[in-house]
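Numbering of ligands and ligand atoms starts at 1, following listing order.
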Amino acid sequence: MRLIVCDSQKDIANFGANMIAEVMASKKDAVLGLATGSTPIPMYAELVRRYEAGELDFSTVRSVNLDEYYPLAPDNDQSYRYFMNHQLFDHINIDKNNTNVPDGLAQDPSAACAAYEQLIRELGGIDIQVLGIGGNGHIGFNEPAETLDPLTHLTDLTEDTIRANARFFASEADVPRHALTMGIGTILSARRILLIATGAAKAKAIATVLSGKLTTSCPASLLNLHEDVTILCDCDAVSLCDEKTLAAFA
Ligand code: GLP
């Protein structure tokens, strides 16, 4: 696990965009695993800037998103499909047919989840998976629990997550209670992982991840099982880590 602590959002956006650009340069038809949430927005803006400057070409890139609320229509302005279109896909030359987000209206969610796993396999796997992190340590919508699901599945959202995500909806009652999400095993099967965390609300979860211990009460801690994880943080997100832990990553 590699830890990069940046002084500004701009540096985080640049560093993250550099990692994605590197993957795209090494593989024309790279498969980007993408995430929603407010954290990756500056990095997506930087990717758009580089596309507009002629520095990046997404025409042969494929993408798979981590998760989607369930049930929620793709054209609902709170859906993750809508988010991705507005934050990134509408502003770059990616072929929308090559972008994939779990289907928030799937009639048969378990069949849709199995099909999503199959799709990832058919694409040849994920070259780089971008992740945010919930204040409770969730990644995608893999919530803290006694047991965790390995593959893409339908899940219930915790009260913590419903409350945290209510800021994007008209009211807490409007937040869907379920989601379709890649599982921990799906995420760990990506060749590289980039987790971005900013703000003090993420400090406890980041301290748990960096402790190196595994616990299902902080699903992101399972990233310690992967050999190519970069954690890109601001100072606030590492504010609960002790000196010894930080020194180990220096
Ligand atoms: C949501 C998403 C996660 C995301 C998390 C953090 O619950 N399912 O993928 O990482 O929120 O969001 P934010 O970046 O807005 O703090």
Side-chain angles (χ1 to χ4, degrees), residues 6 9 12-13 16 32-46 63-72 74 76-84 86-88 100-104 109 113 116 126 128-145 148-149 152-169 172 174-184 186-188 190 193-209 218-223 229-234 236-240:
C6 295
Q9 290 289 336
I12 291 178
L32 306 181
L34 300 175
T36 55
S38 38
T39 310
I41 291 177
M43 181 182 75
Y44 293 151
E46 174 60 16
S63 74
V64 281
N65 258 77
L66 262 182
D67 49 10
E68 179 60 282
Y69 287 112
Y70 186 85
L72 203 63
N76 183 300
D77 61 6
Q78 295 309 327
S79 77
Y80 286 169
R81 161 53 77 181
Y82 187 96
F83 174 101
M84 289 310 304
H86 283 253
Q87 298 295 338
L88 185 63
N100 302 280
V101 180
D103 177 6
C113 291
Y116 206 68
I126 299 166
I128 182 165
Q129 179 63 56
V130 177
L131 298 173
I133 185 168
N136 64 1
H138 75 221
I139 45 177
F141 271 126
N142 293 278
E143 298 278 32
L148 298 173
D149 281 80
T152 303
H153 60 285
L154 175 68
T155 188
D156 298 333
L157 302 187
T158 61
E159 285 305 319
D160 276 355
T161 297
I162 291 167
R163 222 171 299 124
N165 291 4
R167 68 188 194 278
F168 300 113
F169 290 82
E172 202 171 304
D174 291 328
V175 184
R177 268 35 188 175
H178 313 279
L180 303 176
T181 181
M182 285 184 194
I184 295 291
T186 325
I187 293 168
L188 289 176
I193 294 176
L194 167 63
L195 184 148
I196 311 176
T198 55
K202 308 297 170 69
K204 187 162 173 266
I206 291 297
T208 306
V209 175
C218 176
S221 69
L222 274 83
L223 296 175
V229 176
T230 300
I231 300 197
L232 192 50
C233 280
D234 64 3
D236 288 341
V238 289
S239 57
L240 293 179

Does any part of the side chain of [Y], heavy atoms only, come nearer than 4.5 Å to the side chain of [X], both counted from C-beta?
X	Y	value
Thr39	Ile133	no
Tyr44	Leu34	yes
Thr36	Tyr82	no

Could you pull out every N or O of ligand 1 that sits under 3.5 Å from a protein N or O, with the distance for each pair?
residue: ligand 1; atom: 7 (O); partner: His138; partner atom: NE2; Å: 3.0
residue: ligand 1; atom: 7 (O); partner: Asn165; partner atom: ND2; Å: 3.1
residue: ligand 1; atom: 8 (N); partner: Asp67; partner atom: OD2; Å: 2.8
residue: ligand 1; atom: 8 (N); partner: Gly140; partner atom: O; Å: 3.2
residue: ligand 1; atom: 10 (O); partner: Ile133; partner atom: N; Å: 3.3
residue: ligand 1; atom: 14 (O); partner: Ser38; partner atom: N; Å: 3.2
residue: ligand 1; atom: 14 (O); partner: Thr39; partner atom: N; Å: 3.0
residue: ligand 1; atom: 14 (O); partner: Thr39; partner atom: OG1; Å: 2.4
residue: ligand 1; atom: 15 (O); partner: Ser38; partner atom: N; Å: 2.8
residue: ligand 1; atom: 15 (O); partner: Ser38; partner atom: OG; Å: 2.6
residue: ligand 1; atom: 15 (O); partner: Arg167; partner atom: NH2; Å: 2.9
residue: ligand 1; atom: 16 (O); partner: Lys202; partner atom: NZ; Å: 2.6

| request: Might you point out which heavy atoms bring Ala205 and Cys218 nearest each other, and give the distance in Å? | output: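 Reported closest heavy-atom pair: O-SG, 4.0 Å.
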| said: Walk me through whether Phe169 and Tyr69 qualify under ring pair (Phe, Tyr, Trp, His ring centres under 6.0 Å). | reply: CA-CA 12 Å; Phe169 290 82; Tyr69 287 112; 5.4 Å; yes
| task | Taking ring-ring contact (aromatic ring centres under 6.0 Å, His included) as the test, write out the residues that go with His178, two or more places apart. | result |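 Testing His178 for ring-ring contact (aromatic ring centres under 6.0 Å, His included), a comparison that skips the adjacent residues, returns none.
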